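Just so we're clear, the structure is a prediction, and the values are computed from it rather than from any experiment.
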Amino acid sequence: MNVILKQDVEGLGFEFEVVSVKPGYARNFLIPRGLAIVATPKNVEELNKVLEARKAEEDKLVAAAKEKVAKLDSLEVKIEAKVGSGDKLFGSVNNGDLAAALQAKGVEIEKKNIRIPGNTIKRLGKSVAKIRFHRDVEVDFEFDVVPDAASIKAAEDAAKTKAEMARLDAQKALKAQESNEVTFNFDNPLRPKVKEEKKEKVETVENSTEETASEE
């Protein structure tokens with residue numbers, strides 16, 4: 001059902017905005033709390049009168065909102081976060097984090113007017129949030145979640161440890177190979193033994209043949 005918001009509602013819309021919601025949400029939450037009224041033809045007509053009377057003020061609000069949108073066009077925002085294994089975050093990044101990052105860049109925006117898909121971000125990388133500066137001014141804003149300094153150092157240390165372990169394993173493998181070669185050539189001279197045995201058999205046969213020929 002359609003309702004008219006009587007004030008800003010986080011994740012839903014701005015004051016004077018007509019939005020569509022589930023009937024149960026409207027009747028059990030929005031209307032009893034005075035946050036909205038049903039968008040009947042009569043109420044919509046009253047809304048239009050109010051907006052007409054506020055036209056000058058609304059124009060100023062829209063102009064201010066568009067100025068903020070213009071600032072976002074060339075703005076690069078990176079939010080640092082603590083990282084676990086791979087690109088997975090310890091915790092998450094939400095609309096409050098983005099609102100704080102934007103404020104640090106000189107763009108004022110309440111977190112309730114920022115919508116992040118899934119509400120939170122749990123991995124590194126680029127994401128897109130929908131930012132509403134006014135009910136008639138909305139923009140998609142791309143930002144980046146990057147590892148913080150502690151996470152970068154931890155990753156570098158882990159990489160160094162892994163490389164050192166690989167080097168030590170390679171050394172052990174090389175020593176083991178050299179040890180096997182020495183053992184084969186000197187401690188277990190199997191091939192030389194076989195050749196010697198064959199040589200002794202040949203000499204025995206030759207001697208036996210000579211003795212037989214001599215007796216004849």
Side-chain angles (χ1 to χ4, degrees), residues 2-22 25-26 29-30 33 35-36 47 51 54-163:
N2 290 337
V3 297
I4 301 170
L5 297 181
K6 297 176 70 175
Q7 63 185 67
D8 296 352
V9 178
E10 184 172 358
L12 188 58
F14 289 84
E15 182 184 14
F16 304 129
E17 187 172 4
V18 178
V19 296
S20 178
V21 297
K22 292 182 178 180
Y25 180 51
F29 182 79
L30 295 176
R33 291 171 181 261
L35 301 175
L47 171 64
L51 293 178
R54 287 171 49 91
K55 189 176 185 309
E57 184 179 349
E58 286 294 315
D59 287 345
K60 289 180 181 178
L61 292 175
V62 170
K66 288 182 178 180
E67 285 181 7
K68 291 181 179 180
V69 170
K71 288 183 179 180
L72 293 181
D73 287 342
S74 59
L75 197 62
E76 183 178 326
V77 170
K78 293 183 178 181
I79 299 176
E80 294 186 352
K82 190 172 178 60
V83 185
S85 59
D87 63 346
K88 191 174 181 180
L89 306 184
F90 279 123
S92 61
V93 170
N94 57 32
N95 57 351
D97 298 311
L98 180 54
L102 288 171
Q103 184 174 6
K105 295 281 187 175
V107 179
E108 294 289 338
I109 179 70
E110 292 186 56
K111 69 175 185 178
K112 67 182 180 181
N113 296 325
I114 298 175
R115 296 179 186 176
I116 291 176
N119 296 322
T120 59
I121 298 169
K122 297 182 178 180
R123 294 188 179 278
L124 295 175
K126 294 187 180 299
S127 295
V128 177
K130 193 172 289 295
I131 300 178
R132 304 190 74 197
F133 293 101
H134 184 272
R135 62 179 175 277
D136 295 327
V137 181
E138 182 177 280
V139 65
D140 289 334
F141 180 71
E142 185 178 82
F143 61 100
D144 206 1
V145 178
V146 299
D148 61 8
S151 298
I152 292 174
K153 185 178 186 306
E156 290 174 347
D157 291 344
K160 288 178 182 178
T161 300
K162 186 177 180 180

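Closest of all the heavy-atom pairs between A65 and F133 is CB-CB, 3.5 Å. Considering every non-hydrogen atom in both F141 and L75, the closest pair reads CE1-O, 3.8 Å. Contact record, G13 with L5: C-CD1, 3.4 Å, taken as the closest heavy-atom pair. Taking all atoms of both residues into account, the shortest heavy-atom contact from V77 to K105 is CG2-CG, 4.2 Å. Shown here for K112 and D8, the closest heavy-atom pair between the two residues is NZ-CB, 3.4 Å.
Taking a cutoff of 4.0 Å between a charged side-chain nitrogen and a carboxylate oxygen, E58 and R135 qualify as a salt bridge. Under 4.0 Å is where a charged nitrogen must lie from a carboxylate oxygen, and between E15 and R54 no such pair does. Looking at K78 and E80, no side-chain N of the basic residue comes within less than 4.0 Å of a carboxylate O on the acidic one, giving no salt bridge.
Taking CG from L72 and CG from L102, the interatomic distance works out to 6.5 Å, rounded to the nearest 0.5 Å. Note that the CG atom of L12 and the CZ atom of R132 stand 8.5 Å from one another [nearest 0.5 Å]. The distance from the CG atom of N94 to the CG atom of N119 is 9.0 Å, given to the nearest 0.5 Å.
Within a 6.0 Å sphere centred on NZ of K122, other residues, nucleotides and ligands contribute 12 heavy atoms or fewer.
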